[in-house]
Enquirer: 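The structure under discussion is supplied below as structure tokens; questions concerning it will follow.
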Amino acid sequence: MERYDARKIEAKWQRIWAEEGTWEVANPGQPGFEPDRPKAYVLEMLPYPSGEPHVGHLKTYAVGDAIAHFRRRHGFQVIHPMGYDSFGLPAENNAIKTGEHPRAATEASIESFRRQFQEWGISLDWSRELSTHSPSYYRWTQWIFLRLFERGLAYRAMAPVQWCPKDATVLAHEQVIDGRCERCGTPVEQRNLEQWFFRITDYAERLLADFERLETWPEHVITMQRNWIGRSEGAEVTFRCEELGVDFPVFTTRPDTLFGATFFVLAPEHPELEAMVAGTAAEGAVREYVNQVAREAVEERGDEGRPKTGVALGRTVTNPVNGEEIPVFVADYVLMDYGTGAVMAVPAHDQRDFDFAQAYDLPVRQVIRQAKRGSAESAAAVSEGIPPKQDGAELPYLGDGEMVNSGQFDGIGNREAFAEIVGWLADQDRGSEAVNYRLRDWLVSRQRYWGAPIPILYCGKCGMVPVPDEQLPVLLPEIEDYSPQGRSPLAAAEDWVATECPQCGGPASRETDTMDTFVDSSWYFLRYLDPGNERAPWDREVAAYWMPVDQYIGGVEHAILHLMYARFFTKALTDMGHLDAQEPFANLFAQGMITRDGAKMSKSRGNTVSPSDFIERYGADSARTYICFMGPPERGGDWTDEGVEGVHRFLARLWRLGLEVAALASKVEPDPDRGNGEALALRRKAHWAIEKATRDFERGFQFNTVIAAVMELVNEAYRLKDGLLGEPSGVAALSFAARTAASLIQPFAPHLGCEIYERLSGGERLTEQPWPQADPAMLQSETVTVAIQVNGKLRDRVEAPADASEADLVALADASPNVRRHLDGKEVVKRVVVPGKLVNVVVR
RNA sequence: GCCGGAGUGGUGGAACGGUAGACACGCGGCCCUCAAAAGGCCGUGCUCGAAAGGGCGUGUGGGUUCGAUUCCCACCUCCGGCACCA
């Protein structure tokens, strides 16, 4: 018999698909567009091309492709495109080391990615392929930048930024991990630079509110984003330094504790700090402290439980609620990035303020008291899980209670006082209700070569001037030296930098920063829809047809940044009238990471798995099916070589079954009658497999159990095979089973599925067949096994007709000698009957 | 500390509140073979028993239920994320 030669079968089908352009879909209005079919946009996160694809990529595209096939066979017109996130640091670092142009390394890698995706047989519409580093793409990245700029959503600001001394580049806060550069691990320093930002904080509220609009997103991803945005409600209150006439607004989540403020703290980076101490006795000490903090690695500053340090400024500010003068300090536990960079310190009701007060011997004034025992508040407090505490017990007291030492607010509950104090402050014009976010604006400037140039000019006369749309793209210049010397490598291309102002015609110079690669990947899903458009980034009608992405698939590691940025872009573009979508991704599937020997794969551990090795040996179908069989795809999984072999053995079995049945079907005229006995049993099994596979597929892509169901079907066909080959209805049943198995396995092993189906059906194309439907009548067997329990413990099993009544089942249970033995003279209290399944006899 | 998620055989993992361990890996036995590879069949939670048949079993302790891996409460452990956020 012809043996299962995966390479040969896969090459055949890949050639057919490439020649036919099987997976290409047309846009509305174009020839080939099918207006009657519903659309489905299936998209995996685009890869960053570096070297060769790894197993993680294989998993993403194996999962996504299974979904694409499943949707197609449910009648959808599936758009399933591919591209490359091809700007970025590794290519540039390689260029610095070797002098090779980043474009050369990147394009070589893209070539290798493309070849492997084709070898994996992923059903992609290659006519829509794109790379973010090509001028025809980044032209429109720049175009979007200009639109954001016009709208005031892109702005320039001096900001203390994180500086990686090794890469000589600015890092976004998000790229600093434990005070170290996310990419190279070097401890970061602080620097002040003029930077470009996107005003994502303007969208904080909508980014939160629109979680409502999403269909199925994993709950934990939403939670992570919600925490990242970090909305908190409170009040903004202004403390004033009368001596200097400087106002210090602070944000507090606890306006109810305002009367307990006994001192005031500024962040070391606070802009008013210098004015506060200039010419005073404290000036020297404060300056020294600030310098010391600046020298400290950010990581140390973030250590929990670190002793509080700070310096008194010798100044006071006025507490607006009671007119008290309270001393001002500078301390590094206050962060410039959050709120206003200044806090009112309430040591009695905040752990950090308390620690600081202890260290500097400052007064502590309690303003909330544990409600008295037996009082209404106490009962309420207890019911909310607050441990009962004696009056004046340990401070800081973080719970709720009754207001004390708070003037006219004494005696009421602190929750009520919260609103009343805010109202009173507003009336008195001393403060207002306020909402604060943890989310910060998105820093997009990079002092890097390998990115999209920011399309802005600086003219001596006109100032900052956007590059006119018709002059886009601003092409990257060719340069010799890629290493950043504290400025962008683009600055070295002097001919490029020097240009003409489009407004006055005078000399102007170009912006030399490039954009964060997250900008490129925040809109690529729109460009796929209309990749050849030279007049606009996309046609609005076309985008309206395909958007939103119906199923987005990718690693959890992008759960926050990429997804949040793409959501922001979508909303901003829609607000500006270029798009009609509030959310880019209706459904998100976050898949887990593949490990090897229980550890994340990495070159240093030497436990990497190269997909090409396995595809060489077992074929793409085996590798893809194995990855989907390892476990629920949203979870991680540990790769074992034996596992792939097991799946390969199964596919080979299915192959042999198909061939054997095809050979026999040509000799014996199959009888389409359902047959009886084993033939019927096998047909039932096939219908059961269809039912099970379909349900688990729809229920959150439980691919492992889908594949298991197909394996069960094939095993059953094998066991019954010899008895069925002789008779026509048996051959028909076997043929049905083999066709069903091929059909159900096709989303995972598309080549093999198509090949077997073609041979069994006399040339039909499986990918054009609808997904099989189970016949409900066939799911019911004529007899059922009834389990009989006594007090919940299984005591016997008996066969009964499928249509047996409850009374029949009870009679069966009573007749069982095994059950009798266990009744042991006890009184039967009641019987629970689950029809056709189980009889539970409850005794006393 | 906070927020997510998870604890089931030797292993990966299955189980609408209803026969726990599907499917697969591994292991053992048998068949085929001169032999091997490939393939096929059977067995495989622990435990007592020759067998029939028992007992115990889903991290721990409680609860709801005729019946709990599943629902509720408390705790333990592991993984992921965030963390001086005012």
Side-chain angles (χ1 to χ4, degrees), chain A residues 1 3 178 218-224 226-228 230-232 234 250-254 257 261 265 267 301-306 308 331-335 337-346 349-353 355-356 436-439 556-557 559-560 592-593 598 626 629-632 634-647 649-650 652-653 656 692 695-696 699 702 704-715 718-719 721-722 785-797 818 821 829-834 837-844:
Chain A
M1 190 192 295
R3 78 169 230 289
D178 291 337
E219 205 48 50
H220 68 277
V221 171
I222 292 181
T223 306
M224 277 158 79
R226 189 168 274 137
N227 293 343
W228 190 263
R231 181 182 201 274
S232 45
V250 298
F251 171 76
T252 177
T253 53
R254 295 295 304 275
T257 64
V265 190
R301 211 178 141 179
D303 279 354
E304 173 97 353
R306 182 164 164 268
K308 295 280 176 288
D332 63 2
Y333 81 91
V334 174
L335 309 175
D337 298 323
Y338 186 79
T340 61
V343 300
M344 63 163 200
V346 184
H349 305 289
D350 181 279
Q351 186 67 51
R352 292 152 302 172
D353 296 343
D355 294 343
F356 192 84
N436 196 58
Y437 299 95
R438 204 188 77 107
L439 181 71
V556 222
E557 61 273 19
I560 298 179
M593 223 182 333
Y626 171 59
F629 182 62
M630 277 166 71
E634 71 271 22
R635 297 234 295 263
D638 204 57
W639 178 284
T640 62
D641 297 357
E642 296 82 7
V644 200
E645 289 174 29
V647 168
R649 280 204 287 270
F650 157 68
R653 242 156 102 82
R656 289 195 308 272
K692 168 88 176 143
R695 187 157 26 87
D696 287 355
R699 201 173 59 189
Q702 296 293 301
N704 53 334
T705 53
V706 172
I707 294 164
V710 185
M711 286 176 169
E712 260 192 85
L713 172 59
V714 172
N715 288 346
Y718 247 78
R719 267 191 294 272
K721 189 170 52 126
D722 293 341
T785 307
V786 181
I788 304 171
Q789 302 180 345
V790 176
N791 274 1
K793 268 195 189 296
L794 179 72
R795 293 305 176 190
D796 201 5
R797 273 169 228 190
N818 274 347
R821 202 146 48 91
V829 179
K830 73 185 217 191
R831 287 188 182 77
V832 182
V833 181
V834 179
K837 257 192 161 172
L838 181 148
V839 181
N840 191 4
V841 182
V842 184
V843 298
R844 183 163 53 206

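If you're wondering where the values come from, they're calculated on a predicted model, not measured in any experiment. In the text below, chain A, chain B and the rest are named by the order of the sequence lines, each starting its count at 1.
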Enquirer: Select one nucleotide: of rG18(B), rA15(B), rC41(B), the one nearest the side-chain heavy atoms of Asn840(A).
Expert: rG18(B)
Enquirer: Report the distance from atom CG of Leu838(A) to atom P of rA68(B), rounded to the nearest whole Å.
Expert: 13 Å
Enquirer: Considering heavy-atom distances to RNA chain B, does Arg656(A) or Phe650(A) have its closest nucleotide positioned more toward the 5' end?
Expert: Phe650(A)
Enquirer: When you compare rA74(B) with rC25(B), how far apart are their P atoms, in angstrom units rounded to a whole number?
Expert: 42 Å
Enquirer: Quick one: list whatever passes ring pair (Phe, Tyr, Trp, His ring centres under 6.0 Å) with Tyr626(A), sequence neighbours left out.
Expert: Trp639(A)
Enquirer: Rounded off to whole Å, could you give me the CZ-to-P distance for the Arg254(A) and rC84(B) pair?
Expert: 20 Å
Enquirer: Nearest to the Tyr333(A) side chain among rC25(B), rC41(B), rC84(B), which nucleotide is it?
Expert: rC84(B)
Enquirer: Which nucleotide sits closest to the side chain of Pro632(A): rG18(B), rG13(B), rG26(B)?
Expert: rG13(B)
Enquirer: Please pick, from rC41(B), rG18(B), rA15(B), the nucleotide with the shortest atom-to-atom distance to any side-chain atom of Thr705(A).
Expert: rA15(B)
Enquirer: In chain order, what residues pass the side-chain hydrogen bond (donor to acceptor under 3.5 Å, both in side chains) check against Thr223(A), with sequence neighbours excluded?
Expert: none
Enquirer: Just so I know, are the side chains of Val829(A) and Val843(A) near enough to count as touching, which here means a heavy-atom distance under 4.5 Å?
Expert: no
Enquirer: Just the rounded figure in Å: distance from P of rA38(B) to CZ of Arg3(A).
Expert: 13 Å
Enquirer: Taking pairing as Watson-Crick or G-U wobble with both contacts under 3.5 Å, can you name the mate of rG12(B), or confirm there isn't one?
Expert: rC23(B)
Enquirer: Ignoring hydrogens and geometry beyond distance, is a side-chain donor-acceptor pair present between Arg653(A) and Asn715(A) at under 3.5 Å?
Expert: yes
Enquirer: Under 3.5 Å for both donor-acceptor distances, Watson-Crick or wobble: does rG7(B) have a partner, and if so which one?
Expert: rC76(B)
Enquirer: Can you tell if the side chain of Met344(A) reaches within under 4.5 Å of the side chain of Thr257(A), non-hydrogen atoms only?
Expert: yes
Enquirer: Quick check on rA14(B): is either OP1 or OP2 less than 4.0 Å from any side-chain nitrogen or oxygen of Asn704(A)?
Expert: yes
Enquirer: Of all the heavy-atom pairs spanning Phe629(A) and Ile707(A), show the shortest one and how long it is.
Expert: CD1-CG2, 3.7 Å
Enquirer: RNA chain B: Met630(A) or Ala708(A), which has the more 5' nearest nucleotide?
Expert: Met630(A)
Enquirer: Look at the side-chain N and O atoms of Arg649(A) and state whether any lies under 4.0 Å from the OP1 or OP2 oxygen of rA37(B).
Expert: no
Enquirer: Whole angstrom is fine here: how far is it from CZ in Arg695(A) over to C1' in rC16(B)?
Expert: 8 Å
Enquirer: Taking only the side-chain heavy atoms of Val334(A) (C-beta and beyond), determine which of rG40(B), rU19(B), rA86(B) contains the nearest atom.
Expert: rA86(B)
Enquirer: Counting only Watson-Crick pairs (N1-N3 plus N6-O4 or O6-N4) and G-U wobbles (N1-O2, O6-N3), all under 3.5 Å, who is the partner of rG28(B)?
Expert: rC42(B)
Enquirer: Ignoring backbone atoms, establish whether Asn715(A) has a side-chain N or O less than 4.0 Å from OP1 or OP2 of rA24(B).
Expert: yes
Enquirer: How many angstroms lie between atom CZ of Arg831(A) and atom CD of Gln789(A), to the nearest 0.5 angstrom?
Expert: 14.0 Å
Enquirer: Would a distance-only check, ignoring hydrogens and angles, find a side-chain to backbone donor-acceptor pair under 3.5 Å from Asn840(A) to Gly792(A)?
Expert: yes
Enquirer: Think Arg635(A) has a side-chain N or O under 4.0 angstrom from the OP1 or OP2 of rG12(B)?
Expert: no
Enquirer: Across all strands shown, which nucleotide pairs with rC2(B) by Watson-Crick or G-U wobble geometry, both distances under 3.5 Å?
Expert: rG81(B)
Enquirer: Which listed nucleotide (rA86(B), rA14(B), rU19(B)) is nearest to the side chain of Thr252(A)?
Expert: rA86(B)
Enquirer: How does protein contact run along nucleotides 46-56 of chain B, one letter per nucleotide 5' to 3', with B for base contact, S for sugar-phosphate only, - for none, heavy atoms under 4.0 Å?
Expert: -------SSSS
Enquirer: For Arg438(A) and rC82(B), is the shortest distance between a side-chain N/O and OP1 or OP2 below 4.0 Å?
Expert: no
Enquirer: Hey, is rG40(B) sitting syn or anti, using the within-90° cutoff around 0?
Expert: anti
